[in-house]
Amino acid sequence: MTGVMQPATTSQVGPEDFADILAATRAFVREAVVPREQEILDTDAIPDDIRQTAKDMGLFGYAIPQEWGGLGLDLTQDVELAMELGYTSLALRSMFGTNNGIAGQVLVHFGTDEQKTAWLEKIASGEVVASFALTEPGAGSDPAGLRTKAVRDGDDWVITGEKRFITNAPLADLFVVFARTRPADDAGTGIAVFLVPADAAGLSVGAKDRKMGQEGAWTSDVHFDGVRVPDSALVGGSDDVGYKAAMMSLARGRVHIAALSVGTAQRALDESVSWAATATQGGTAIGEFQLVQAMLADQQSGVMAGRALVREAARAWVDDTDRRIAPSAAKLFCTEMVGKVADLAVQIHGGSGYMRDVPVERIYREVRLLRLYEGTSEIQRLIIGRNLVKRAQR
């Protein structure tokens, strides 16, 4: 197989089977994970039994094709699942998010048959945790600004550089590493992507980052000090696959993050409605006050609009009618929306909403990151605006 992206495929799961998967995921999230959110927060880790249940349910490979051991969900089904996963601690989704998303999709669409055979079944089962190593100090998530270098040495490649904020790095078994092999020229971008086992000589993982929120979702720096990998580690067998692979994975991931945001916003709304219906002020439920009702109305409107936008963006991706503007529009709107919904949730809860151990306080901190990773809100605006102008000029 060459490094050319493979055509998009329709879902390998029919409506009835998917309804069962969705129902099982919803029950798992609400019955097994939600009651243990405080434990996840306090220990900064996903409990081993929850991790094992996620493996047994196939959640480490829900977006990996069935021929490689996954469930084979397409993006329209992926977003429905993500809206359920967003209802609880975002660390749950992060645990298997890179396997299904930005790391796993690089292999699914750009890997050689040999690379897929070697890794995809292990990724889908959760035996291997894959980590997407793109972001760098001074370059963010822009592949064009990569400084990590890969130099050919005989039949091998030698990788040197540093990555930052890499999700699941402390747990990873495989790093999907983006590196520059040469300056961009008329022949291509000179950006390649390599499959680097975590135990490769010269690869080291830094201490876990201390973040504002998303306890249990671990990130850290990753250093490559002359890491030597064979030519078979070059994804797609081409040193120009990297840029296209990064852009495709990030764009698809933006629709997923938008859906995750809708799920979290729904949780914040539900917590707000429950509080408003039961908390009292002067003997009257605060939900009887019109200003509180107005805040609930704004939350509800945001959630409904976000859900509709996510579904439309996912449909456009699967249909291949819009893989540029729609993913960015969905991520921009939904991640900004969930920030506003979470802020209103704290406001509705009053002083209680500012206290640790209250779900909306955790949600308020967790969702702030959604506007930053996989392309900030500002980058999404640039992508949307630039492509609208290009479309008009054509």
Side-chain angles (χ1 to χ4, degrees), residues 5-34 50 53-88 90 92-93 95-102 104-105 107-109 116 120-121 123-126 248-249 251-267 269-270 300 303-323 326-327 329-331 333-334:
M5 178 176 170
Q6 301 306 302
T9 56
T10 57
S11 173
Q12 298 172 303
V13 177
E16 291 186 7
D17 288 339
F18 179 64
D20 291 340
I21 293 170
L22 195 63
T25 302
R26 182 185 180 94
F28 169 57
V29 166
R30 302 195 182 207
E31 297 171 15
V33 186
V34 168
I50 289 180
T53 300
K55 288 182 180 181
D56 295 342
M57 293 177 64
L59 292 178
F60 276 81
Y62 63 77
I64 303 296
Q66 291 179 1
E67 64 185 294
W68 303 110
L71 296 182
L73 305 188
D74 70 12
L75 191 56
T76 63
Q77 296 167 327
D78 180 316
V79 297
E80 299 298 328
L81 207 66
M83 285 189 278
E84 294 298 335
L85 296 170
Y87 200 80
T88 190
L90 294 185
L92 175 73
R93 195 280 326 183
M95 177 174 63
F96 43 74
T98 49
N99 277 32
N100 288 287
I102 52 181
Q105 294 301 314
L107 265 173
V108 169
H109 292 287
K116 292 177 182 178
L120 275 180
E121 288 190 7
I123 288 172
S125 70
M248 184 282 293
S249 293
R252 186 186 186 283
R254 286 163 184 158
V255 184
H256 175 87
I257 294 300
L260 193 70
S261 302
V262 172
T264 307
Q266 182 67 63
R267 174 66 183 284
L269 169 61
D270 289 352
Q300 175 72 12
V303 171
M304 291 182 69
R307 183 174 289 111
L309 180 54
V310 159
R311 288 171 171 164
E312 172 61 19
R315 182 204 57 77
W317 179 275
V318 171
D319 292 349
D320 199 12
T321 54
D322 184 355
R323 294 190 171 188
K331 183 179 187 294
F333 178 85
C334 292

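What's counted below: heavy atoms across the whole structure, side chains too, no hydrogens, waters or symmetry copies. For this chain, numbers begin at 1 and follow the sequence in order.
When atom types are taken as modelled, the side chain of Asp20 and the backbone of Ala23 share no donor-acceptor pair closer than 3.5 angstrom. Side-chain atoms of Arg254 never come within 3.5 Å of backbone atoms of Lys331 as a donor-acceptor pair (strictly under, hydrogens ignored). Gln266 places no side-chain N or O within donor-acceptor distance of the main-chain N or O of Tyr87, the cut-off being under 3.5 Å. A donor-acceptor pair under 3.5 Å is formed between the side chain of Asp74 and the backbone N or O of Thr76. In this structure a side-chain-to-backbone donor-acceptor pair under 3.5 Å is missing from Asp320 to Ala316. Between the side chain of Thr264 and the backbone N or O of Leu260, at least one donor-acceptor pair lies under 3.5 Å.
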Quiz: residues 59-73 side-chain donor-acceptor pairs under 3.5 angstrom, not counting sequence neighbours:
unit_1, atom_1, unit_2, atom_2, d
Gln66, NE2, Gln12, O, 3.1
Gln66, NE2, Leu71, O, 3.1

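Rounding to the nearest 0.5 Å places CG of Leu120 at 5.0 Å from CG of Leu107. With values rounded to the nearest 0.5 angstrom, His109 atom NE2 is found 4.5 Å from Met248 atom CE. One distance of note links CE of Met304 with CG of Leu269; it measures 10.5 Å at 0.5 Å rounding.
Ala330 and Leu309 make their closest contact through CA-CD2, 3.7 Å (heavy atoms, listed as atom of the first residue, atom of the second, distance). Here the closest heavy-atom approach between residue Cys334 and residue Ala258 is recorded as CB-O, 3.5 Å. Thr88 and Arg267 make their closest contact through CA-NH1, 4.1 Å (heavy atoms, listed as atom of the first residue, atom of the second, distance). In terms of heavy atoms, Val29 sits closest to Glu84 at CG1-O, 3.6 Å. Nearest heavy atoms, Ala313 versus Ala326: CB-O, 3.9 Å. Between Phe96 and Leu85 the shortest heavy-atom distance is CE1-CD1, 3.7 Å.
For the side-chain contact (heavy atoms from CB on, under 4.5 Å) with Arg307, the qualifying choice from Glu312, Met83, Glu80 is Met83, the only one to do so. Partner of Asp78 under the salt bridge (charged side-chain N to carboxylate O under 4.0 Å, His left out) criterion, chosen from Arg252, Arg315, Arg311: Arg252.
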Kindly determine whether Val108 and Lys116 satisfy side chain to side chain contact (heavy atoms under 4.5 Å, CB included), including the steps that lead there.
CA-CA 7 Å; Val108 169; Lys116 292 177 182 178; 5.6 Å; no

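Using a 4.5 Å heavy-atom threshold, the side chains of His256 and Leu81 count as separate.
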